[in-house]
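Everything below concerns the one structure shown next.
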Amino acid sequence: MHVVVAAGAEGGGTIRPLGGTAARVTDLAAAVRSLEAAERPRWVWADARRVYPALLAAGVRLSRCHDVALTEGLLLGADARYGEPRQARAAFARLHGLPVPEDPHEAAEGHQPGGTQASLFEPAPAEDPSSEAGMVAEVFEDQLRRVARTPDPGRFRLLVAAESAGALVAAEMRHDGMPWREDVHDELLTGLLGPRPAHGMRPGKLQALADEVAAAFGQPVNPDSPQQIVRAFKAAGIEVPSTRSHVLKAVDHPAVAPLLAYKELARLHSAHGWAWAAQWVGGGRLRPEYVVGGVVSGRWATSGGGALQIPKVMRRVVVADDGWTLVVADAAQLEPRVLAALSGDRGLARAAGEIDLYAALAGAFGGVRDSAKVAMLSAMYGGTSGDASKLLPVMRRRFPKAYAFVEDAARAGEEGRLVRSWLGRTCPPPSERWRRLVAGPEGARAARDRGRFTRNFVVQATAAEWALTLLAVLRGLLPDPARLVFFQHDEVMVHCPLGLAAEVREAVGRAADEATRLLFGDTPVRFPMEAVAVACYADAK
DNA sequence: TACACAAGCGCC
DNA sequence: AAAGGGCGCTTGTGTA
């Protein structure tokens, strides 16, 4: 059963079973709650971000949805129409040949006055929820028809379901938040940087390092300015091409040590310091805004908050509540396993049936595990460094189907064609700029670059959909009140009472198996997902 | 003052 | 872990 739902003003809205008649309700949350309990329908809405947060705030959780905006994005991509507006209103306009409105949040992107305001997408209630529901119903039915016309509708349906489930998880994770001990964070910052400074000032330890750098150069230098640093080194008789850390490490000069220390700490201070916490942390929880499908490969992004780039040193700030625990799990060697399943290479699949895939491959590479690793990575990412040129021919001979699979993807990219993931997510078509470049003197390089991108895309995008499927399945297996609180590409975190830890860990393993079965059916490839229960994120590895 | 862009580095 | 791809984010800097 499918039910369209649209939120209106003041907690009201419209509910419209597909094929039935619309009902206006004054208490949308109550109406949705009772229908969910009775029927467990698949809820169809324009955009989870416009409907679901308010339902969560009212204590309503849903099991399934179809997100029209996310689905529209997938369908447009499949037609090589990246960048067109994805909102239900835009899809409706395209369907009827009307002028297509821009997506409101896309249009609102860019720098905000003052620079401190994050560009959050505000969930605006519909002005007329009944007309929105009608529009959504019509677009939804059109989307079903378009899905049926994709090269593999069965897989694409799974992709749509997984992406939509991601929208539920993303909203729930923002609602619940990841445990974040503000006192531990402050302690960590104070220990590394010195006490919290007055607004606009450098913390004491940063200032001391900046002074050391200036003293070493014998002149005032702003360590935050790469240009000034390059000039200062030049004045000292040292030419550096850039001020990247790995470049500076090779330089013999007394300014290098304090400068490297400064860069590391300055980043911590500016990207994840007190000001960041004031904006994104509250009530012992970090609440970033996740952007489902925000990366072309299908990985998630965040809008503000930088939750997917939290430095490892900050993991000790993530601590379970008293009497609760964090179950942390990540997929081991996910991408080579995905390649094994994608390509149907028997030899590689056999190795991917082992817990340590690279160790299992070593035999093909003179018994050297490291060589197997380099060969696999070079094949998947188009690397040319080190021993790649020696190892790739071995890869080609021993694992011909896997090798051919990534080579074909690279060739398609170089020729300006499209590639698709296992479930049908499509890479962006080449830009106009690329087409011009490719026809010019730098053409070979541009072609090679796009080839590396498409080579990587097929693997990364399929890995992302395996992880997304795992997330969706796991969500359904979690016992109340366990909550998903973090998802980072191939890693999940569940916050649950101590007594549920064993059950949750087992659920993670079952979800991994089920995701594997849903995507690849009966395959010898294993996707190990080891879950550990810890009090603190830092103890998970 | 506002904006666009580059540099640099965090995560996977 | 590899090491490739990409993305978010802040600061500095040049230009309108």
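For clarity, every value in this text was computed on a predicted model and none was experimentally measured.
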- Query: Rounded to the Å, how far apart are Leu259(A) CG and dG8(B) C1'?
  - Reply: 12 Å
- Item | Distance-only donor-acceptor test, Arg299(A) side-chain atoms vs dC12(B) base atoms, 3.5 Å | yes
- Item | Side chain of Val295(A) - closest among dT11(C), dC9(B), dC7(C) | dC7(C)
- Query: In terms of side-chain geometry, is the basic nitrogen of Glu415(A) or Arg411(A) positioned less than 4.0 Å from the acidic oxygen of its partner?
  - Reply: no
- Task: Using a strict cut-off of less than 4.0 Å between a Lys/Arg side-chain nitrogen and an Asp/Glu carboxylate oxygen, indicate whether Arg202(A) and Asp224(A) qualify as a salt bridge.
- Result: yes
- Out of dG8(B), dG4(C), dT13(C), which nucleotide sits closest to the side chain of Pro226(A)? dG8(B)
- Is any side-chain N or O of Asn222(A) closer than 4.0 Å to OP1 or OP2 of dG12(C)? yes
- Message: Over all strands shown, is Arg450(A) touching base, sugar-phosphate only, or nothing at heavy-atom distances under 4.0 angstrom?
- Response: nothing
- Any Ser225(A) side-chain N or O less than 4.0 Å from OP1/OP2 of dT13(C): yes
- For Arg267(A), report the nucleic acid contact type (base, sugar-phosphate, nothing); a contact means any heavy atom under 4.0 Å. base
- Assign Gly306(A) to base, sugar-phosphate, or nothing according to its heavy-atom contacts below 4.0 angstrom with the strands shown. sugar-phosphate
- Between dG12(C), dG8(B), dA3(C), which one does the side chain of Leu377(A) approach most closely? dA3(C)
- Task: Without swapping roles, check the side chain of Lys205(A) against the backbone of Gly191(A) for a donor-acceptor pair under 3.5 Å.
- Result: yes
- Query: Between His489(A) and Leu308(A), is any pair of side-chain heavy atoms under 4.5 Å apart?
  - Reply: yes
- Message: Using OP1 and OP2 only, check whether a side-chain N or O of Gln488(A) sits under 4.0 Å from dC12(B).
- Response: yes
- Message: dC9(B), OP1 or OP2 - any side-chain N/O from Ser245(A) closer than 4.0 Å?
- Response: yes
- Query: Is the His495(A)-Phe486(A) ring centre distance short of 6.0 angstrom?
  - Reply: no
- OP1 or OP2 of dC12(B) less than 4.0 angstrom from a side-chain nitrogen or oxygen of Lys312(A), does that happen here? yes
- Task: Could you tell me whether Asp370(A) contacts a base, only the sugar-phosphate backbone, or nothing, with contacts defined as non-hydrogen atoms closer than 4.0 Å?
- Result: nothing
- Message: Using a heavy-atom cut-off of 4.0 Å across all strands, would you classify Ile310(A) as base, sugar-phosphate, or nothing?
- Response: sugar-phosphate
- Query: Do Arg369(A) and dA1(C) share a donor-acceptor pair, side chain to base, under 3.5 Å?
  - Reply: yes
- Closest to the Phe453(A) side chain, choosing from dG8(B), dG6(C), dG10(B): dG6(C)
- Query: Is any side-chain nitrogen or oxygen of Thr302(A) closer than 4.0 Å to OP1 or OP2 of dG8(C)?
  - Reply: no
- Query: Considering only dC9(B), dC11(B), dT11(C), which nucleotide approaches the side chain of Ser270(A) most closely?
  - Reply: dT11(C)
- Message: At less than 4.0 Å, is any side-chain N or O atom of Lys373(A) found next to OP1 or OP2 of dA1(C)? Yes or no.
- Response: no
- Task: Tell me what Tyr358(A) touches on the nucleic acid: a base, only sugar-phosphate, or nothing, going by heavy atoms under 4.0 Å.
- Result: base
- Nearest to side-chain heavy atoms of Gln227(A), which nucleotide of dG14(C), dT11(C), dA3(C): dG14(C)
- Message: Check this for me: does any side-chain nitrogen of one of Arg455(A) and Glu407(A) sit under 4.0 Å from a carboxylate oxygen of the other?
- Response: yes
- Message: Output the rounded distance in Å from CD (Gln333(A)) to P (dC12(B)).
- Response: 16 Å
- Checking all strands, does Ser297(A) fall into the base, sugar-phosphate, or nothing category for heavy-atom contacts under 4.0 angstrom? nothing
- Nearest-neighbour nucleotide for the Glu264(A) side chain, dA3(C), dG10(B), dG8(B) considered: dG10(B)
